[in-house]
Amino acid sequence: MSIIDMLVRVDAICKKFDKYDPSKQHKDLNINPDDHFLQLYTTMEAEIEATVKKANEAAEEKNRAAVATMNAEIRRTKAALREEIPKLERLAKKKVKALSPEDLAARPDLVVALAARIDDIPEGTMMGAKKKKKIDKSHIEIKIDSAAADEAFRSERYEHTAESAAYQEEFQHRKNKQDQNLDIISEGLSTLKNMAEDISEELDKQDPMVGEMEEKIDKATGDLTKNNARMKEVVSKIRSGRNFCIDVILLCVVLGIAAYIYK
Amino acid sequence: MGDIKHRDKENDPDRMMRKGDKLTKLSLTRWTSDWARATPYYEQAANLFKIAKKTEKAKEAHERAAMGQERLASPWHAGKHMESAGALAKELGLWNEVADFFRRASELYIESGKPQPAAEALSRGGRALEDGLPDEAVKMYLEAVGIFEEEQREQMAFDTYRSATSLYIKLQRYTDAATMLLRWGQSADKCKATSTQCKTCVGAVIVYLYAQDFKQAEQCQNDLSMIDAYFQSEQNRFAEQLLNAYREGNPEEVKHVVKSSGVINHLDHMIIRLAKQLPVGDISHLAESSGAGGEAAAEGLEEDDLT
């Protein structure tokens, strides 16, 4: 990670968590600590902005799974924010010291505007904007959502048809079979591991033995070569050409003497 | 008589023996035994007797050959002959002689300055004696193991440890078997053979449990968990599970732990046999005693909380 990357990331993180920094809030917005309405309002506004940013990121994201998760999160934040609205309304009606009467009158309008902004946050649905208008109609709406799989299961919108129940059963069955096969593989692997460990120990045992053997054999080879050379020397000395000639001459002399005696 | 004439002179073991005896027996004409010439005859005779399956005579021939080699100051060869004689004596079932021969062989090896073959000879002697004189066999194994440990050649000792352990288990001397396993573990530790070490440690715990000595087993497990190599192994986990099952006094749980663990299959087969027979005896009393203890401890805690 380069320094530039790090700086950018640190800045983003600081910005994200600035809203939790009470000193910063006081400094930037000069909020009266008793003015709970304004505090809550500013926090909600900051959250809305963050959510809008996230929504923009989601719009640009190519990976559908990531898009789905982002949208799910956005929806969750929206729901949380919507819950805060009644609280904000109550606080709006309270009187605060350093506030002018016009500001006080303006506050409920601010609350309504904030609620509208929350609803405007795109959550990946095309029908989000129209939802408010159609809210008094009683028929069930079909929403084309890129909802995550477990979200769909969790929400009670879908009921099990015969097909989906069978599908789920088969899914479980196949999963169990996979688990069984994985168990078999794991057993085989553990046997292999044990065998490999035993082999490794045997090799450790035999390594010094082989070294000793090598030494001894080298010594024996050296001794043999030495002895061979000596033997060769001795044999050639005994059977040298000169001795052979002397043997032949002496033999002739003996034969000559014998012939002379018998003649 | 006809076939003796047809038989080649060189292949007649009795003739060889006679020649050897002639050279060694003292008489008026012969004042010293000529072992140098006699020994090859004895050796040949021994081989031929063995081929002819005349065990008694072969044994005798080996004995003489060994004596000859000894006189010729080659204790190594003498030791070899003694071992062969011992093996033949085992076939004849002369257990005392077997023990004597192998002991003598080992002494000869030590004389020739080779302690490792000496220990191996004792180990082989022990194996030969297992059926006949098991106590003697045990003694020989222990001696062999001692020599290996002295010579720092523990790696060669593993087979001896194994034979000794299996003999102890056969003789139902379980505490001795567990002690032998722990000694084996110690040797393995010295050679850094961690896999063997862990296996032997678990084996010891299992043997103690089989002997219905739960306290010993627990103590053993506690001591062993101090060893790093053992502590991190799956054998340790298995032992802990087993002991927990025992503490709960639940035989079904014990059987389940033994069956479902992959560790058991890689141990020595005699230990596997013991493990499959766990739990031995009534372990429910362990649950009562440990359960009562546990409850008292829990009550003590609650009282502390109230104050």
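First the proteins, then the strands, lettered A, B, ... as listed; each starts at 1. The structure presented is a predicted model; accordingly, all values stated were derived computationally and were not measured.
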> Can you say whether A:Met209 sits under 4.5 Å from chain B via the side chain, the backbone, both, or neither, judging by heavy atoms?
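Contact with chain B is through the side chain of A:Met209 alone.
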> Give a yes or no on whether a salt bridge exists between A:Glu47 and A:Lys19, defined as a side-chain N under 4.0 angstrom from a carboxylate O.
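Looking at A:Lys19 together with A:Glu47, the answer is no, because their closest N to O distance does not fall below 4.0 Å.
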> Before accepting this row, confirm whether a basic side-chain N of the pair B:Arg162/B:Asp268 lies closer than 4.0 Å to the acidic partner's carboxylate O.
yes
> Measure distances from B:Thr194 to the heavy atoms of chain A and classify the residue's part below 4.5 Å as side chain, backbone, both or neither.
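For B:Thr194, the backbone is the part near chain A, not the side chain.
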> Using a strict cut-off of less than 4.0 Å between a Lys/Arg side-chain nitrogen and an Asp/Glu carboxylate oxygen, indicate whether B:Arg104 and B:Glu70 qualify as a salt bridge.
yes
> Quick one: what part of A:Ser200 sits under 4.5 Å from any heavy atom of chain B, side chain, backbone, both or neither?
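For A:Ser200, there is no contact with chain B at all, as no heavy atom is under 4.5 Å.
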> So, B:Tyr141 and B:Glu130: side-chain donor and acceptor under 3.5 Å apart, yes or no?
yes
> Counting only non-hydrogen atoms closer than 4.5 Å, does A:Glu201 touch chain B with its backbone (N, CA, C, O), its side chain (CB onward), both, or neither?
side chain
> Sort B:Lys192 into side chain, backbone, both or neither according to what part of it lies under 4.5 angstrom from a heavy atom of chain A.
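Contact with chain A involves no heavy atom of B:Lys192 at all.
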> Do the side-chain N and O atoms of B:Tyr42 and B:Gln69 include a donor-acceptor pair separated by under 3.5 angstrom?
no
